[in-house]
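Throughout, protein chains are lettered first and strands after them, A, B, ... in sequence-line order, and every chain is numbered starting at 1. Since the structure is predicted, the reported quantities are computational estimates derived from the model, not experimental observations.
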Number of protein chains: 2
Amino acid sequence: MNISQAAVQSGVSSKAIRYYEGIGLIEPARRSDNGYRDFDDGDVHMLRFVARARGLGFSVIEVAELLALYRDRERASAQVRKVAQGAIRRIEDKVAELQSMGDTLKHLVERCHGDQRPDCPILDDLAGRH
Amino acid sequence: MNISQAAVQSGVSSKAIRYYEGIGLIEPARRSDNGYRDFDDGDVHMLRFVARARGLGFSVIEVAELLALYRDRERASAQVRKVAQGAIRRIEDKVAELQSMGDTLKHLVERCHGDQRPDCPILDDLAGRH
DNA sequence: CTTGACGTTCCAGTAACTAGAAGCCCTAAC
DNA sequence: GTTAGGGCTTCTAGTTACTGGAACGTCAAG
């Protein structure tokens with residue numbers, strides 16, 4: 001099948017597929033006589049693996065590791081677990097950071113009357129006036 | 001004062017100050033006779049405003065808006081509030097997304113025995129085997 | 001006078017793609 | 001036969017918010 005079919009079936013855009021091939025995340029696709037990339041169900045399956053891993057917050061580099069582990073019959077689940085735990089920690093750190101930012105902003109918005117007056121606690125805070 | 005002093009006092013790196021100037025977020029700094037940028041306490045104050053706003057998750061474009069509102073004596077706090085609420089929503093969306101990813105990953109890690117066996121629920125999930 | 005720590009500009013690189021240009025290829029309709 | 005439309009190819013550039021580094025000017029100390 002052509003790239004757009006593979007894109008639809010896998011949930012990875014054509015552009016992204018070419019990009020993944022370009023950076024070496026996935027093997028270069030076979031080519032038809034006309035030079036078009038040619039995908040089969042196995043390729044689509046693998047692209048779905050990539051899409052799901054990316055959606056779970058794994059970086060492209062981590063996805064490459066996971067694909068290697070997936071291909072390796074001898075891989076140990078401990079290694080996979082380690083990659084996953086790294087991703088979890090990164091995610092949790094990011095959540096904590098975002099929540100802290102959000103809390104501060106919400107607090108400021110609550111105190112902001114939000115009308116036509118030029119007096120604004122949000123700007124006051126940003127300006128360092130307490 | 002020179003750029004590195006301003007950087008230390010404001011918490012914005014020298015590189016970032018030049019970058020902000022380059023993209024027009026802040027006014028071009030005055031120059032000393034030797035061509036060095038010259039900052040005063042007012043500049044540092046403004047840089048701190050930028051640093052705090054960035055730290056709260058405002059995009060550079062939003063910071064530009066906030067600076068304009070801050071400079072504008074006639075600005076209405078409603079406008080500021082609107083920008084802040086936009087930032088809050090973006091943050092909340094991101095948190096929800098990250099938490100969903102994290103929850104799934106944690107669930108998978110729990111079910112992964114994490115030993116030397118090549119059997120791994122995480123890879124099984126990524127591969128679409130349920 | 002030299003050394004080393006600053007300052008300057010400009011170019012490249014980061015992450016993970018997306019957008020768009022220029023140019024084949026294929027199919028179907030006229 | 002050819003023309004119109006899509007889809008395919010490659011390539012470059014743009015995105016966000018900077019950071020790192022090269023090449024070079026400037027300044028204060030010894």
(request) To the nearest Å, give me how far apart CG (B/D38) and C1' (C/dC6) are. (result) 15 Å
(request) In whole angstrom, give the distance that lies between atom CG of A/N2 and atom C1' of D/dT9. (result) 12 Å
(message) In this structure, how many angstroms lie between the C1' atom of C/dT8 and the CD atom of B/E21, rounded?
(response) 11 Å
(request) Let me know the distance between CD1 of A/I23 and C1' of D/dT10, rounded to the nearest Å. (result) 17 Å
(message) Membership question, hydrophobic clusters at under 4.5 Å side-chain separation (ILVMFWY): are A/I61 and A/F58 in the same one?
(response) no
(message) Tell me if the CZ atom of B/R30 is crowded by more than 12 foreign heavy atoms within 6.0 Å.
(response) yes
(message) Applying a 4.0 Å non-hydrogen cut-off, can you work out what B/I3 is touching in the nucleic acid: base, sugar-phosphate, or nothing?
(response) sugar-phosphate
(message) Using OP1 and OP2 only, check whether a side-chain N or O of A/R37 sits under 4.0 Å from D/dC8.
(response) no
(request) State whether A/R71 and A/E27 are salt-bridged, where the test is any N-O pair (Lys NZ or Arg NE/NH1/NH2 against Asp/Glu carboxylate O) under 4.0 Å. (result) no
(request) Check A/V109 against B/A84 and note the closest heavy-atom contact, atom names and distance. (result) CG2-CB, 3.6 Å
Distance-only check: which donor-acceptor pairs under 3.5 Å involve side-chain atoms of residues 98-107 of chain A, not counting sequence neighbours?
| residue | atom | partner | partner atom | Å |
| --- | --- | --- | --- | --- |
| A/T104 | OG1 | A/S100 | O | 3.1 |
| A/K106 | NZ | B/E92 | OE2 | 3.1 |

(message) Test your reading of the model: is there a side-chain donor-acceptor pair from B/D40 to the backbone of B/D43, 3.5 Å cut-off?
(response) yes
(message) So B/R18, base contact, sugar-phosphate only, or nothing? Heavy-atom distance under 4.0 Å.
(response) base
(request) Provide, to the nearest angstrom, the distance between the CD1 atom belonging to B/I17 and the P atom belonging to D/dA17. (result) 17 Å
Protein-nucleotides 27-30 of chain D N/O pairs closer than 3.5 Å?
| residue | atom | partner | partner atom | Å |
| --- | --- | --- | --- | --- |
| D/dC27 | OP1 | B/N34 | ND2 | 3.2 |

(message) Tell me whether the side-chain N/O atoms of B/S13 come closer than 4.0 Å to OP1 or OP2 in D/dT19.
(response) yes
(message) Tell me the interatomic distance from B/R31, atom CZ, to D/dT26, atom P, rounded to whole angstroms.
(response) 13 Å
(message) I want to check one thing: is the phosphate of D/dT16, taken as OP1 and OP2, less than 4.0 Å away from some side-chain N or O of B/S59?
(response) no
(message) Tell me whether B/V80 shares a hydrophobic cluster with B/L25, the cluster being built from Ile, Leu, Val, Met, Phe, Trp, Tyr side chains joined at under 4.5 Å.
(response) yes
(request) Report the distance from atom CZ of A/F58 to atom P of C/dA16, rounded to the nearest whole Å. (result) 13 Å
(request) Give one of base, sugar-phosphate or nothing for B/S14, where a contact means two heavy atoms less than 4.0 Å apart. (result) nothing
(request) Could you state the atom-to-atom distance from NZ of A/K15 to P of D/dC11 in whole Å? (result) 13 Å
